[in-house]
**Student:** 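Could you have a look at this structure, given as structure tokens, before my questions?
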Amino acid sequence: MGDWFSQQLLDWYDRHGRKELPWHRDRSAYRVWVSEIMLQQTQVTTVIPYFERFMERFPSVHDLASAAREEVLGYWSGLGYYARARNLHAAAIEVVERFEGEFPQDPEQLQSLPGIGRSTAAAIAAQAFDQRAAILDGNAKRVLARYHGVEGWPGKTAVANELWDHAEEHTPHERIRDYTQAIMDLGAMVCTRRNPACASCPVRTGCIGYARNDPEAYPGRKPKKEKPEKTLWMLLIEDGEGRLLLEERPPTGIWGGLLSLPEADPALQPEEVPDHCESALGVETNMPDSLEPFRHTFSHYHLWIRPLRLSARRTISIQEHGRLRWLTREQALEAGLPAPIRGLIRQ
DNA sequence: TACGCGTGGTC
DNA sequence: TGACCAAGCGT
């Protein structure tokens, strides 16, 4: 049995909870796992089409394990946080090799797989196996911080630990799967970040945030930090047959493992695009044509991208990060590109 | 412990 | 329109 809080949530879930999301249809550990990874820091409506395409191409953990990493990244292209895709692929191989293709039910064993942390392990154990395990995703954090009046930003370990304790204490012994879905649904549908629908909340009578008449004050905000600004030239280099020069980025760091446009030597200044310079790569093209620079804002910094279309017969130095390849636009778009680069290439 | 890691939605 | 943030994890 559970406490009053969990009983209220389960009753509410039976009447209002979400039960028709794509990963609810067949709750195999594999499908739950893929959905949980995609949903990390990513909204449900964004994930749905990616999940459907991914499942069509990789219907089982064996299909995923035997695929080339490049193709997996291609199916992830546009979702962001590409380490998730690299870890997903690596974990699929481990599940096949270490666990004979069967996901372990124990959260601790799940957590030993790359890309699966405490909350995701618990979510898989609960959703796929109905095992008692507490989750603490962004929704649960918000619900619990408000209900218990937990002060401070959950990014701090002490605050997170306090929330984990509340998460554990409320997790019932029955209907784990429904309770787990219930607390996430309540956070997504009622206890929203802004303008929470407290009048519709099944636990408002015990909620400290509600009693203080300021639920939006919880959880505490992340202290804001100055975002660094970086500038670079991205080279849009096309050969006589319409193929583009692309670079395979190294496996770690920004856009790890994806194809991108090569970058010019950082010493290159905007006003001095050289007619000739020492070349890492000799490229012969036709007419110079500079595109407008634009600022792309990432979560953590601003990036000025100065697309330089090389069409003059000239050479230019490339700051090389990874292997360079010539691909047609169609091939490039299919292989998978970071969203801003995709936008550049489509022009 | 604090930071790096994408993209799109929202206001 | 820029700031903030979403079903976190790895290092």
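Proteins get letters first, then strands, A, B, ... in listed order; numbering begins at 1 in each. Values below: all heavy atoms of this structure, side chains included; hydrogens, waters and symmetry mates excluded.
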**Student:** Counting side-chain heavy atoms from C-beta on, which of dG6(B), dC11(B), dA7(C) comes nearest to R84(A)?
**Tutor:**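 Side chain of R84(A) sits closest to dG6(B).
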**Student:** W33(A) has an atom CH2; how far is it from atom P of dG8(C), in whole Å?
**Tutor:**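 After rounding, the gap between these two atoms is 17 Å.
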**Student:** L337(A) has an atom CG; how far is it from atom P of dG6(B), in whole Å?
**Tutor:**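 From L337(A) CG to dG6(B) P: 14 Å.
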**Student:** How long is the line joining CG of L39(A) and P of dC9(C), in whole Å?
**Tutor:** 12 Å
**Student:** For I116(A), which contact category applies under a 4.0 Å heavy-atom criterion: base, sugar-phosphate, or nothing?
**Tutor:**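 Touches sugar-phosphate only.
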**Student:** Heavy atoms only, 4.0 Å cut-off, all strands: where does G155(A) land among base, sugar-phosphate and nothing?
**Tutor:**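 If one applies the 4.0 Å heavy-atom cut-off, G155(A) turns out to touch nothing in the nucleic acid.
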**Student:** In whole Å, measure the gap between the C1' atoms of dA7(C) and dA2(B) for me.
**Tutor:**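 One C1' to the other, the span is 23 Å.
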**Student:** How close or far is atom P of dC9(C) from atom CD1 of I135(A), stated in whole angstroms?
**Tutor:**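 After rounding, the gap between these two atoms is 11 Å.
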**Student:** Nearest of dC5(C), dA7(C), dG6(B) to any side-chain atom of T42(A)?
**Tutor:**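 It is dG6(B).
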**Student:** More 5' along DNA chain C: G187(A) or R194(A), using each one's nearest nucleotide?
**Tutor:** R194(A)
**Student:** Nearest whole Å is fine: how far is dG10(C) P from Q41(A) CD?
**Tutor:**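 For the pair Q41(A) CD and dG10(C) P, the rounded distance is 13 Å.
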**Student:** Whole angstrom is fine here: how far is it from CD in Q111(A) over to P in dG10(C)?
**Tutor:**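 Atom-to-atom, Q111(A) to dG10(C), this comes out as 8 Å.
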**Student:** Could you name each residue pair satisfying salt bridge (Lys or Arg N to Asp or Glu O under 4.0 Å) that touches residues 65-74 of chain A, not counting sequence neighbours?
**Tutor:** R57(A)-E71(A), E70(A)-R325(A)
**Student:** What nucleotide among dG6(B), dC9(C), dA7(C) has an atom nearest to a side-chain atom of I254(A)?
**Tutor:** dG6(B)
**Student:** Does the side chain of S77(A) pick up a donor-acceptor pair with the side chain of R342(A) at under 3.5 Å?
**Tutor:** yes
**Student:** Closest to the Q40(A) side chain: dT7(B), dG8(C), dC4(C)?
**Tutor:**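 For Q40(A), the side-chain atoms sit closest to dG8(C).
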**Student:** Applying a 4.0 Å non-hydrogen cut-off, can you work out what W23(A) is touching in the nucleic acid: base, sugar-phosphate, or nothing?
**Tutor:**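 If one applies the 4.0 Å heavy-atom cut-off, W23(A) turns out to touch a base.
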**Student:** Do the side-chain N or O atoms of K224(A) get closer than 4.0 angstrom to the phosphate oxygens (OP1, OP2) of dC4(C)?
**Tutor:**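 Checking dC4(C) against K224(A), a side-chain N or O does come within under 4.0 Å of OP1 or OP2.
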**Student:** If you measure from the P atom in dT11(C) to the same atom in dG6(B), how many Å do you get, rounded?
**Tutor:**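 Comparing P positions in dT11(C) and dG6(B) gives a spacing of 14 Å.
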**Student:** Distance only, no hydrogens: is a donor on one side chain within 3.5 Å (strictly under) of an acceptor on the other, for H16(A) and D185(A)?
**Tutor:**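 The criterion, which ignores hydrogens and geometry beyond distance, is not satisfied for D185(A) and H16(A).
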**Student:** Side chain of P338(A) only, please: which of dG9(B), dA7(C), dT7(B) is the nearest?
**Tutor:** dT7(B)
**Student:** Hey, can you tell me if H166(A) and H148(A) have their rings parallel, tilted or perpendicular (30° and 60° cut-offs)?
**Tutor:** parallel
**Student:** Nearest-Å distance, CD (E216(A)) to P (dC4(C))?
**Tutor:**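 It is 15 Å, rounded to the nearest whole Å.
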**Student:** Of the nucleotides dC4(C), dT7(B), dT10(B), which one has an atom closest to the side chain of W255(A)?
**Tutor:** dT7(B)
**Student:** How would you label the contact of L21(A) with the nucleic acid (heavy atoms, under 4.0 Å): base, sugar-phosphate, or nothing?
**Tutor:** base
**Student:** Just checking G78(A): base, sugar-phosphate only, or nothing, at a heavy-atom cut-off of under 4.0 Å?
**Tutor:**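 Contact class for G78(A): sugar-phosphate only.
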**Student:** If you assign each of K225(A) and T157(A) to its closest nucleotide in DNA chain B, which residue comes earlier from the 5' end?
**Tutor:**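 Upstream on the strand: T157(A).
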**Student:** Ignoring the backbone of K156(A), work out which of dA7(C), dA2(B), dC4(C) is nearest its side chain.
**Tutor:** dA2(B)
**Student:** Below 4.0 angstrom, N of the basic side chain to O of the carboxylate: do D214(A) and R146(A) qualify?
**Tutor:**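 Result for this pair is no, no salt bridge flagged.
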**Student:** Figure out the CZ/P separation between R177(A) and dA7(C), and round it to whole Å.
**Tutor:**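 To the nearest whole Å, that distance equals 21 Å.
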**Student:** Given dC9(C), is OP1 or OP2 found less than 4.0 Å from the side-chain N or O atoms of T120(A)?
**Tutor:**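 Yes, because at least one side-chain N or O of T120(A) sits under 4.0 Å from OP1 or OP2 of dC9(C).
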**Student:** Which listed nucleotide (dA6(C), dG10(C), dC5(C)) is nearest to the side chain of R142(A)?
**Tutor:** dA6(C)
**Student:** Write down the distance separating the P atoms in dC3(B) and dC4(C), rounded off to the nearest Å.
**Tutor:**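 Those two atoms are separated by 16 Å.
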**Student:** Can you identify which nucleotide, out of dA7(C), dT7(B), dA6(C), has its nearest atom closest to the P340(A) side chain?
**Tutor:** dT7(B)
**Student:** Does this structure show an ion pair linking R249(A) with E263(A), if we count only N-O contacts that are shorter than 4.0 Å?
**Tutor:** yes
**Student:** Not counting sequence neighbours, list each pair that qualifies as a side chain to side chain donor-acceptor pair (under 3.5 Å) and has a residue in residues 112-132 of chain A.
**Tutor:**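 Residue pairs with at least one partner in residues 112-132 of chain A: R27(A)-Q127(A), Q40(A)-T120(A), R98(A)-S112(A), Q105(A)-Q131(A), R118(A)-E168(A), Q127(A)-Q181(A).
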**Student:** For a quick check of understanding: with a heavy-atom distance under 4.0 Å over all strands, which category does A339(A) fall into, base, sugar-phosphate or nothing?
**Tutor:**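 Result for A339(A) = sugar-phosphate.
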**Student:** Tell me whether the side-chain N/O atoms of R221(A) come closer than 4.0 Å to OP1 or OP2 in dA3(C).
**Tutor:**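 For dA3(C), neither OP1 nor OP2 has a side-chain N or O of R221(A) closer than 4.0 Å.
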**Student:** So if I take every side-chain heavy atom of Y82(A) and compare against dA2(B), dT7(B), dC9(C), which nucleotide ends up nearest?
**Tutor:** dT7(B)
